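Heavy atoms only: backbone and side chains are in, while hydrogens, waters and symmetry mates are out. Labels below follow one simple rule: chain letters A, B, ... track the order of the sequence lines, proteins then strands, and each chain is numbered from 1. Remember, predicted model here, so these are calculated numbers, not experimental data.
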Amino acid sequence: MNYTEIEKKWNKIWEDTKLYAFKPDEKRKKFYLLEMFSYPSGANLHLGHWWNFGLSDSFGRFKRLQGYNVFQPMGFDAFGLPAENYAIKTGIHPEDSTRHNIAVMERQLKEMGATFNWEYELITCNPDYYKWTQWLFIQLFKKGLAYQKEAPVNYCPSCNTIIANEQVVDGVCERCGSEVVRKNMKQWFFKITAYADELLSGLDKIDWPEKTKILQRNWIGKSIGAEVDFKVEGSDEKLTVFTSRADTLFGVTFLVIAPEHKLVSKLVKDEYKDSVAKYVADSSKKDEITRTSTTSPKTGAFTGTYVINPLTNERVPLFVADYVISTYATGIVMGVAAHDSRDYDFAIKYSLPIKQVLTNKDGSDTALPFCEYGKLVNSCEFDGMTSEEAKTKIVEKLEKLGAGRFKTNYKLRDWSVARQRYWGCPIPIIHCEHCGAVPVPEKDLPVKLPHITDYKPDGSGPLGKCKEYMQTTCPKCGRPALREPDTLDTFVDSSFYQLRFPESLHNDKEIFNREYVNKMLPVDCYVGGIEHATMHLLYSRFITKFLRDIGCLDFDEPFQRLFHQGMVLGPDGKKMSKRNTSKTADEYVREYGSDALRLHMMFSLKYIDGGIWNDEGLKHIKAFMERVERIVLKWHKEKGNSSKYGDEEKELDFVLNRTIKEVASNFETFSFNSAVARIMELVNAMYKYDILKEKNGELMQKVVKSLLIILSPCAPHFTEELWEQIGEEYSIFNQRYPSYDESKIVLDSVEIAVQVNSKIITRMNIGTSLSNEEILNIVKADEKIKSLLSGKTIVKEIVVPKRIVNIIVK
RNA sequence: CCAGGUGUGGCGGAAUGGCAGACGCACAGGACUUAAAAUCCUGAGAGGGCAACUUCGUGUGGGUUCAAGUCCCACCACCUGGACCA
């Protein structure tokens with residue numbers, strides 16, 4: 001069989017007959033399978049793409065065989081910095097390079113022969129798509145969830161743009177590697193924090209890897225605690241701290257305020273002004289150069305101010321220190337040197353008192369600093385309480401005094417969505433001197449991205465220089481006004497694409513039809529890398545919940561089930577790149593065929609873990625395919641009508657039924673390597689059976705057909721061709737995954753291990769229908785066992801049917 | 001530093017707490033062949049023994065259990081995130 005030729009042949013036939021076209025009105029149960037949006041990078045399809053798309057296509061084919069109406073759309077996340085950076089370098093307009101790259105990737109993906117529903121293709125830089133991105137922005141704006149605020153942002157001086165926290169890696173820009181600096185700018189934000197609690201609790205009802213859920217939980221960072229107000233001595237001002245350890249309130253010996261905190265200048269006493277100012281300046285510089293690390297020594301400066309502990313009325317000093325950050329909670333912290341290691345370090349450095357208010361739960365002494373929960377001491381009426389009790393009781397007392405309250409904080413910050421770049425979705429806002437920020441009326445959407453040629457970034461957004469774009473009139477008052485020059489983070493584009501997909505071509509009236517989106521969503525199986533755990537996957541969940549709240553849809557979570565593929569690595573254990581890859585995917589396809597490439601990937605590595613790419617097995621997987629071809633064609637040639645059913649047939653039937661069962665369950669958990677292994681076993685059993693001996697009848701026909709069907713998701717062209725060659729009707733992908741007969745998998749007898757005192761003594765064939773008691777009787781009758789039992793007392797007898805018998809004697 | 005993950009033959013990798021190493025590769029042997037390749041079949045964790053057999057074996061050390069690769073605790077190595085979140 002010439003693999004290259006049959007692949008061409010079937011790709012064409014499949015396309016001509018629209019075999020995989022999605023028919024929405026069918027009665028079959030839908031299965032929405034989605035591979036994470038890809039960015040049109042322009043490079044040739046590499047092995048990583050095959051790994052991602054090829055194997056999830058196999059999964060889709062499997063679900064299709066199971067009778068599902070599989071919806072597996074494809075599209076491109078086409079806006080974004082790389083195209084723009086490329087344009088700045090080469091002068092090729094982002095629009096042109098993006099269109100070109102999409103065309104290249106489309107062609108190659110189609111050559112894979114995958115079952116993607118291209119007829120629903122989405123491209124985020126098309127106005128008929130970003131119209132809805134803008135519409136979404138306006139809905140968020142109307143609900144107060146899209147807002148502007150002056151905020152310290154991560155600014156990349158090389159890309160000349162603000163970047164999200166998530167895109168800062170080790171203090172440098174994820175894309176270009178330049179040092180990121182902190183800068184205050186007026187920014188657009190989405191209020192994702194409004195959904196913090198629900199984003200947290202929603203995790204319990206989705207079938208995602210625990211690992212990913214933990215990442216999201218930590219990122220959201222819910223902390224239940226309290227706020228406590230400290231009066232400033234000699235002033236009406238009070239300082240509010242957030243603490244999760246109200247039980248240590250009696251141990252407070254100082255207060256710390258973040259250097260960037262608004263109140264700092266107001267709080268510093270004259271004689272300390274210079275030293276504090278110097279400290280603040282130093283630490284802001286430090287922020288720009290290196291990120292603070294947990295191991296760096298604590299530094300700070302005294303403000304000269306004292307504050308009053310509301311419970312003890314003690315007077316404690318107020319320090320400025322950069323181990324406290326201004327953006328979390330209140331930006332002010334109470335220093336409990338005895339029970340917090342950071343406060344302890346700080347107290348030691350500045351010779352501050354250390355006051356112990358907790359002991360071990362048994363009342364014994366503790367080491368300093370003791371940061372766990374314990375029992376209260378030196379805390380007046382709270383002495384003797386456990387930390388857990390005191391955390392409630394102390395805050396209740398503070399509430400009575402009007403000096404504190406229960407409070408929950410989150411690490412999650414609002415999502416910064418504005419980018420000072422050209423190649424993105426324009427923000428549909430008009431700034432009017434009289435009316436402020438006014439959303440573009442929905443009937444005027446989309447606000448089209450103008451085709452400009454000067455898109456070099458200068459920090460203010462290239463669109464700002466385009467007068468025709470910027471100058472407009474206020475929709476409210478009609479006076480001249482300016483458009484918002486920033487564009488949206490591309491994660492906004494991809495936060496709802498999975499919702500838009502089912503109607504991408506058919507609905508220009510609304511973002512999607514409520515009834516239809518409820519029917520097609522959530523995505524049943526979402527496949528993609530774990531690197532998006534705290535970005536795309538969190539943003540999509542937020543946007544889905546928001547759309548639910550404004551009545552656009554009725555479910556809570558966009559992705560019911562999630563799988564992460566591992567990464568295919570180069571021989572050096574690093575990410576695949578041109579440097580460490582000896583051959584391209586195309587070359588392998590030419591040499592071995594796409595089915596062999598796909599099958600090899602499935603078999604040689606675990607999909608969930610990935611690993612180092614090794615092409616050695618390719619020729620062996622090809623040999624396996626030829627082995628399949630030989631036995632199938634041999635059977636076809638010698639086809640007979642024997643209905644013999646003896647022991648040999650029974651054994652073959654056993655393997656067949658077991659294979660059908662196991663392969664299905666392996667597919668379900670993305671254990672493709674095991675699925676292929678089981679299929680190999682079936683082929684081995686077919687060879688062992690030796691079809692030439694006048695035994696070539698009904699059973700073999702069933703075996704051959706089943707084999708081809710269960711192999712078809714892994715080697716689609718190859719099996720379709722063999723299906724045709726044995727005279728079956730087109731197409732194998734319209735067949736049903738074979739059903740299995742559980743009774744065929746149950747053997748009459750099975751070898752079990754017999755242990756005495758947990759040590760294997762012998763193995764025996766035992767009937768599977770026998771009761772535990774009968775099994776024990778047979779086992780005890782065995783000579784070896786009998787001799788070991790004689791003269792001993794049986795303490796315990798364990799029988800695990802079909803596996804093991806263990807007799808414990810004394 | 002913190003959190004999470006991973007650790008099984010020469011290699012990729014299998015094992016709902018129940019006979020560790022399925023399946024495949026590499027390896028050895030046999031059949032076929034003048035021969036080789038391909039193909040088909042057989043063997044194989046390591047050590048010891050002519051052999052029946054036996055000892056040791058899932059990163060290390062403990063623990064729970066009749067029984068642990070699997071569960072618990074501590075440690076080591078590697079990978080991935082997060083960085084003082086009060």
Base-pairing mate for B:C50 - Watson-Crick or G-U, with both contacts under 3.5 Å: none
Distance flag, aromatic centroids of A:F603 and A:F624, threshold under 6.0 Å: no
Distance test, side-chain N/O of A:S223 to OP1/OP2 of B:A86, below 4.0 Å: yes
Polar side-chain contact A:R803-B:C19 base: donor and acceptor under 3.5 Å: no
Spacing between A:M625 atom CE and B:A38 atom P, to the nearest angstrom: 19 Å
Strand partner of B:G4, provided both Watson-Crick or wobble distances fall under 3.5 Å: B:C79
Syn or anti conformation of B:G9, syn meaning chi within 90° of 0: syn
Sugar-phosphate only, base, or nothing, as touched by A:V324 at under 4.0 Å among non-hydrogen atoms: base
Option passing ring pair (Phe, Tyr, Trp, His ring centres under 6.0 Å) with A:W613 (candidates A:W50, A:W51, A:Y588): A:Y588
P gap between B:U39 and B:A46, integer Å: 25 Å
Pair partner, B:G29 [Watson-Crick or wobble, under 3.5 Å]: B:C41
P atoms of B:U16 and B:G7, separation to the nearest Å: 14 Å
Proximity of A:Y689 and A:Y687 rings by center, below 6.0 Å: no
Separation of the C1' atoms in B:C75 and B:A26, to the nearest angstrom: 35 Å
For A:E797, the option from A:L776, A:V805, A:V809 that meets side chain to side chain contact (heavy atoms under 4.5 Å, CB included): A:L776
Sugar-phosphate only, base, or nothing, as touched by A:K211 at under 4.0 Å among non-hydrogen atoms: sugar-phosphate
Side-chain N or O of A:Y328 closer than 4.0 Å to phosphate OP1/OP2 of B:A86: yes
Heavy-atom neighbours of A:E626 CD exceed 12 at 6.0 Å: yes
Nucleotide of B:A86, B:C23, B:C19 approaching A:E681 most closely (side-chain heavy atoms): B:C23
Atom pair distance, as rounded to whole Å: NZ in A:K298 and C1' in B:A86: 12 Å
Presence of A:H620 side-chain N/O under 4.0 Å of B:A26 phosphate oxygens OP1/OP2: yes
side-chain N/O A:R627 vs B:C40 OP1/OP2, d < 4.0 Å: yes
Spacing between A:R678 atom CZ and B:A22 atom P, to the nearest angstrom: 10 Å
Separation of atom CG in A:D609 from atom C1' in B:G5, rounded to whole Å: 9 Å
Pairing nucleotide - B:G61, Watson-Crick or G-U, each distance under 3.5 Å: B:C73
Minimum-distance nucleotide (side-chain atoms of A:N673 versus B:C66, B:A14, B:C84): B:A14
For B:C66, the Watson-Crick or wobble partner whose two distances fall under 3.5 Å: B:G18
Nearest-angstrom distance, C1' atom, B:C76 to B:U60: 7 Å
Ionic contact status for A:D197 with A:K222, cut-off 4.0 Å: yes
Nearest-angstrom distance, C1' atom, B:G9 to B:G5: 24 Å
A:K759 vs B:U55: side-chain N/O to OP1/OP2 distance below 4.0 Å: yes
Integer angstrom distance from the C1' of B:C11 to that of B:C72: 33 Å
Spacing of the P atoms in B:U33 and B:A28 (rounded, Å): 23 Å
Nearest-angstrom distance, C1' atom, B:G57 to B:G48: 15 Å
For atom CD1 of A:I530 and atom C1' of B:G5, their distance in whole Å: 9 Å
Rounded interatomic separation in angstrom, taking CE from A:M680 and C1' from B:C23: 7 Å
Touch class at under 4.0 angstrom, heavy-atom based, for A:G529 against every strand present: nothing
Among A:L788, A:I761, A:L789, side chain to side chain contact (heavy atoms under 4.5 Å, CB included) partner for A:I807: A:L789
